[in-house]
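Notes follow once the structure below has been shown.
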Amino acid sequence: MTTIDNFNFAGKKAFVRVDFNVPLDENFNITDDTRIRAAMPTLKKIIADGGRLIIASHMGRPKKNPDPKYSLKYILAHVSEKLGVEVKFADDCLKAQDAVAALKDGEALLLENVRFYAEEEGKPRGIEKDDPAYDAAKKELKAAQKEFAKTLAAYADVYVNDAFGTAHRKHGTTAVMADYFDADHKMFGYLMSKEVNAVDKVMNSIVHPFTAIMGGSKVSTKIEIIENLLTKVDNLILCGGMTYTFKKAMGGTIGQSLCEDDKLELALDIMKKAKENNVNLLLAIDSVVADDFSPNANTQVVASDAIPEGWEGLDIGPKTIELFKEAIVNSKTILWNGPCGVFEMDKFAVGSKAIADAICEATKNGAYSLIGGGDSVACINKFGLADQVSYVSTGGGALLEAIEGKVLPGIAAVQG
Ligand code: AMP
């Protein structure tokens, strides 16, 4: 497969799909430029080679064309500053032929939000899914999506996908467009390569023992991931709010702790499957319980299956920390998705911090550790430990779908 490192972009027009969907405040100032910075290695390599850079991204969920509050013109100056060259702007992504033709070697052009066109997402606008006309409209739009992708593909000699955050979507610029380039002229950017490599390390090229830590609030949102992981891991740590659905299913008392009463059978089924697959399933044995969902609540440590009435489990207790730590520090591959407690309140962040520390220790001893999916990323950042793990994924939904075992269209389109 062609890689960005072994491709010389000199004199070539490169269409790079990035994820510049950054948050803006009410005055259109960027409040977090992580995604822009994350794409810079790829963009800078192309400029340094003397390539002609065409940058495409979505922002937000525009419903019309144009939808000014989602214009990429607000981020143009910042992109120029980070890239170190003055980036030009095409205010209609589908009518940028002249701007593309005017590009010289080492110059860059940012296209207006590709989602201004419904063809990008391939989802009909202004028509509800239950409308009888929806299916026909969708079919028509899918055909138009091919034309849209073809028009954009005609801008460039080479296609680079560096937008892992949208890799789980079969959109015009994230997947469909790749069909118009042969295998020697489509590739992942650096960010995408790192993400694909990270997914491979926990899904395919696994070094055992492999421990996955799944936390968060509910088991129902993690079923597919848990089921897929049961075929791969040695240790599965289930923590956070979902703990109490398991404890109740096993006959414990859980006070006011979070519980999905319609998932009790599912919890027992997961436990059975773990046993069948020789997976060591670890659940909390003690909990920090509180008499209120508040940072000022009274707390005590009790057994996780004997929580008094009026109290709720909001973090793992000290015995559980030791139990989980032991499994983590002896692992060679670690995946962490979802906090062990209500980490947003310092009082209930102790367990998640201990887990993060154990992951860092294992990483120092040679383990591969991947942190991904929403809140565990916020968690590792809160503790200032992101640089002490192997990789922190930038793609929430995309990473979750990948660890559910799904093929991501954005990856498949480039890999062929
Ligand atoms: P999720 O989006 O499912 O990954 O859940 C993340 C959320 O789960 C975070 O906001 C945590 O505060 C919350 N959480 C973790 N442990 C608990 C718990 N024991 N009870 C209630 N919420 C929890």
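Computed from a prediction, not measured in an experiment: that's the story for all the values here. Start at 1 and go down the list; that is how both ligands and their atoms are numbered.
- Some N or O of G241 is nearer than 3.5 Å to an N or O of ligand 1, by distance alone.
- Between D19 and R35 there is a salt bridge, since at least one side-chain N of the basic residue sits less than 4.0 Å from a carboxylate O of the acidic one.
- Checked against a 3.5 angstrom limit, the closest N/O atoms of G313 and ligand 1 fall inside it.
- When only non-hydrogen protein atoms are considered, atom 9 (C) of ligand 1 lies nearest to E344 OE2, 3.3 Å.
- Salt-bridge check for K273 with D269: passed, with a basic side-chain N closer than 4.0 Å to an acidic carboxylate O.
- V342 CG2, 3.6 Å is the protein heavy atom nearest to atom 22 (N) of ligand 1.
- Residues that satisfy the ring-ring contact (aromatic ring centres under 6.0 Å, His included) test with F188, not counting sequence neighbours, are absent from this structure.
- Closest to atom 4 (O) of ligand 1 among all protein heavy atoms lies K222 NZ, 3.1 Å.
- Closest protein heavy atom to atom 8 (O) of ligand 1: S217 N, 3.3 Å.
- Residues satisfying the side chain to side chain contact (heavy atoms under 4.5 Å, CB included) test with E326, not counting sequence neighbours, are N330.
- Of the candidates N337, D375, I316, T243, it is D375 that places a heavy atom closest to atom 6 (C) of ligand 1.
- No part of E312 comes within 4.0 Å of ligand 1, judged by heavy-atom distances.
- In summary, D261 and K248 engage in a salt bridge, as defined by a charged side-chain N under 4.0 Å from a carboxylate O.
- The shortest N/O to N/O separation between D315 and ligand 1 does not fall below 3.5 Å.
- Note on R169 versus E120: no salt bridge recorded, every NZ/NE/NH1/NH2 to OD/OE distance being 4.0 Å or above.
- Closest to atom 15 (C) of ligand 1 among all protein heavy atoms lies G341 O, 3.2 Å.
- Q388 and T363 share no donor-acceptor pair across their side chains, judged by distance under 3.5 Å alone.
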